[in-house]
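A short write-up of the structure that comes next.
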Amino acid sequence: MQAIELDSVSRTFTLAGGATFTALQDVSFSVGIGEVVGYSA
Amino acid sequence: MAASTSTEATLAGVRRAERLWRSRQIIRFGFLQYLSANPPAIVLATIWPRLIFQTVFWVMLGYVAAGSDGATFAYVGAIATALTYGGIAGMSDVPVDDKFAGTYTRLLVGATPPTPVFFGRGVAQLTASVVEMLVCLVAAGLVTGQWRTMLALIPLLPIYVVIALSMSAAGLACASFCVGKRAEVAIYNGLTYLVILCCGALIPPGTLAALDVIGVVLPVSHGLVAVRSALDGGPWLAQVLLEVLVGLGWLALAYVLFQVQAARSRRTGSDSFS
Amino acid sequence: MIGTDVLLPRRQRLWNGIGVLLVCARFQMAEIRSSWIIIAVTVFQPIVFLLITLLPSADRSAAAGTRVAVGVALSVSWAATAWGAASVLRRERAMGTLARALAGLVDARLIALGKGLGAAMLSNVWALATLAVTLIALQQPVSFAHPGALLVGYVVLIASGSAIGLLIGSVFVVTRYGAQVSAFLTFPVILLGGMLIPSNLFPPPLSWLSALISLRWLQEFLVTSAVGSPNYLALEVAVLLTVAYAVGGIWLFGRIAQKARRNGSLDLY
Amino acid sequence: MNGAGKTTLTKVLATLLLPTTGTARIMGYDVVADTRAVRLTTSVILGGDRGLYNRISGRENLAFFGMLAGVSRRDLRSRVPDMLELVNLAEAADRRVETYSKGMRQRLHVAIGLLSRPRVLLLDEPTVGLDPLEADRLRESIDDLRGEGVSILLTSHLLLDVERLADRVVMLDRGRVTAKMPLAKFAALAGYAAVVTLTYRGTLGDVAGSLPAGAVVDRHIEDAASSTLVLKLREWSGDLFSALGRLVDDVDVEDIDVRPARLEEAFATLSDAAP
C-alpha cells in the first residue's frame, strides 16, 4: 500500500461562458509511506 | 465476554464524553466570535437601544392604527419580532462569517459536519437574542405603559424561547441560500420582514389571507397564536407543538441545503463559500 | 473650503466640484445596484410599514392614505440614508479606499457627499416606486393636490438625506462598528421624527426632539401639499435644517478625518 | 491559468474536489468513496491570508481547528503549546490574528496542519511569505515529520524546499505529468543554488570566458542606458566570488540582486537538457 496513489486522475472545469478548462490530465504517480515528493505545475 | 462488553461500555462512554466536550468547544467558540464582533459596550450602546426603540415604534404604530387594543396587540407581537435581530440576522451571520474568513473548507474536512458546527456556534446568537427579547419586554413594556400585559407574559416566556429556537433554524437555513451569492443582506432582511408581516405579530391574522398562508410555514406564527390564546386563558399546547414542528422543518432544510452546497462545491469546484 | 484645486478660479472650482459630485453619485448608484442591500431597505421596508399601518386601521380615506404614504416614504428615506450613506463610508473604510480618498487631491467630503447623494437618489426612487405599486395593490386612494410643491419637497428630501449621510457618515471614519451604529440610528428618528407617529403622542421633552429633524417638517409640507394648501414655512425650516446638517457634516467630517490621520486609526480595520 | 493544476490536485487529494476521471487513494482509502477515513488521516495546508478567524486569537484558532480535525481533548491540551512553540508563535499566540503578519499567518496555517498528527500531509507553498530563518525552521520540522513516517506531498516554487525535503520530484505542465525522477537525478540535471542579476552602466564584453565552472550566463543585454547580466550559479565557491569581484571593478554597478533559484528555472534548464 502506498501513502498516495494517483491513477490517471483528470479534472476539467466548465467556466461561466460554457468553455471548459482542463486543470489535470491523466495524472498518475504515487508517494510511498514516509516519502516526501515535491511537485510543481 | 463480560470483560469485552465492559470495555465496549467504557469506550462508548469515552466517545460520548469526547462528543460532549466537542460540542461544548463549538458553543464556546461561538461566544468568542459573538463577543469579538459585539463587545458589551456596543451591545449596550447600540444593539439594545435599537431594539427597544424598534419595539416601542411597533407598539406606537399599533396605537396609531387601532388605538389601545392595537397597541397591546402590537406589544405582544413586537416582543417576538425583537428576536429576529439575533435569531435571523445574527444566526445567518454564522455561516457568512466562514464565507468571508475563508474557513469553510476547514469545516468541510473536519470531523464534525458543517451544519452542527454552525448551529453550535449559533447558540451565542440565540442566547443574545433571548436576552435582547427580555430587555425589550421590560423596557418597551414600561415606556408604552403595557406593564399589565408585560406581567401576564412573564409565565409565557418559555413559548418565546421556543419561538427563538425555531427562528434560529430559519435564520441558518436562509443563510445557506445566500452563501453562493452576495445576497446575504437582502435575504436575511427579506426573511425578517416576511416574519414581521406574515406571522400575526403586528397585523392580526385574518386581515389579509395571503399573509396568513405564508405565515403558516414561517417561525413565530404558531408560537404567537399560542401566546395570545394563553393570555386569554385559552389552549396553547397544540400551537406550541406546531411551532416546534416548523422549527424542526427549517433545521432539516438547513442541514439538507448545506449538504447540497458542500456536494456542489466538490462537484463543480466553485467553492460557493469563497 | 470644499475645493478641488486651489489654483483654479472660483467659478472653475465650483464647476469641478459639481462634476466630482455627479461622478461620485453615479459611481455609488452603480455600486449599490450591484449589491442587494438596497432591496432590503427600499423594497421590503416600505411594504412592511405600509401594510402594518394601513391594514389594521379603520380610516382608509384618501387624506389618511396620503398621510400614511408620506410618513412611510420619509421613514424609509431616512432608513435608506442612515444605512446607505453610512455604509458608503463604512465600505470605503473596510476596502481601504477611504484612506486614498482622504489623501487624494479632491476633498474627501465632496466624495462622501457625492456618494451619499447617489445613495439617497437611488433609494428614494426605488422606495417611491415600491410605495406606488403597494398602494395600487391595496386599492388605497391618495391625493396629489400640488404636484409642483411635492416635487420641490422631494428634492429637499434627497438633499437632506445626503447632508445627514455626511453627518453620520463621519462617525464611520472612527468606529469599526458602523453596522450596529447605523442600525441603531434608524429607529429613534423614525419613532420620534413625527412622520408615521405624530410627535404629540410623546411627553414634552421628546416631542421637541422632532423639531430638529428636517423630515418632520418635510412631512408637514408634503402632506399639506398633497391634501389642502402647501405649508411653505415648514419647507423653509426643512431647508434651514438641511443646510445646518451639511455645514455640520462638512465640519465634523473634516475634524474626524484629521483626528483619524493623527491617530493613524484609518487603517486599523 | 498557471499553477491551477497544483492547487486542483491538492484539493482532489484533500477530498475538497471530485476528480472528473481516474481514482486517487490515500493510505488505501479512496478520496471519493471513503471521504471520512481520508480526512481523518490527511491534513492539508493551503496557506494564504484567508482561512483564519481574524478577530479571534491565534491560540483559539489553533485549538478550534484542531478540535474540528478530531484531536482529542487530552492531546489538544499538550499539542497546542507544542505547535505554537514549533512555529515560533508562542508570544503572539493570544493576539488577534488580524494583527499577524503574512509570515505569522502562514506559520499558524502550518501549526493547524501539523496539530492533528496526520499520516499524510499535503503542503501547498509552505514557505511562501516566510523569511529565510523561518523557512529553515519550517523545513527542519517537516524533515522531522518524515522521520516519524509521515508521507508528504509538497508543492513549492522554491528549489531550496524541494532540494532539502523531497525524495522524488514530479513535474506537471498544463495539468500533465512531464517528469518523474528521484531527487539526486533531478539535482544533477538541474540543481542551481542561486540566480545573480547585475545591473550596470558600461561594457563587460565576453563574460563567459572569465567565469569559473558552475556559473552559467543566463542572459546578457548591453546598451547605452543600462546593461543587465544574469548568472546562474551551481553553488557558491571562493573563486566564484573573486571572479564576480573582478567583473564589478570594470563597470559602474547600479544594482546586484541575489535570490535562490526558482523551481521553474531549474525545470526550464531540465527540459532543455532532457534527452
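To find a chain, count down the sequence lines: A is the first, B the second, and so on, and within it residues start at 1.
The side chain to side chain donor-acceptor pair (under 3.5 Å) check on A:Glu35 picks up D:Arg168, with sequence neighbours excluded.
In the model, D:Thr15 has a side-chain atom that pairs as donor or acceptor with a side-chain atom of D:Arg39 under 3.5 Å. Checking A:Asp26 against A:Ser8 by side-chain atom types alone, no donor-acceptor pair falls below 3.5 Å. In this model, a donor atom of one side chain and an acceptor atom of the other lie less than 3.5 Å apart for D:Thr155 and D:Asp124.
Heavy-atom distances place the backbone of A:Gln2, and not its side chain, under 4.5 Å from chain D. Using a 4.5 Å cut-off between heavy atoms, D:Ile142 makes no contact with chain A at all. Residue contact with chain A, scored on non-hydrogen atoms closer than 4.5 Å, involves the side chain of D:Val120 exclusively.
Between chain A and the options D:Ile26, D:Leu153, D:Val12, D:Val177, the largest number of non-hydrogen pairs under 4.5 Å is found for D:Leu153. Most heavy-atom pairs under 4.5 Å with chain A: of the set D:Val31, D:Asp161, D:Leu18, this distinction falls to D:Leu18. Ranked by heavy-atom pairs under 4.5 Å with chain D, the list A:Ile33, A:Thr22, A:Val37, A:Asp7 is led by A:Val37. The candidate from D:Leu123, D:Thr42, D:Val150, D:Leu145 with the greatest count of non-hydrogen atom pairs under 4.5 Å with chain A is D:Val150.
Here D:Asp143 does not pair with D:Arg164 in a salt bridge; the nearest charged N to carboxylate O distance is not below 4.0 Å. No salt bridge links D:Arg25 with D:Asp34; every basic N to acidic carboxylate O contact stays at or beyond 4.0 Å.
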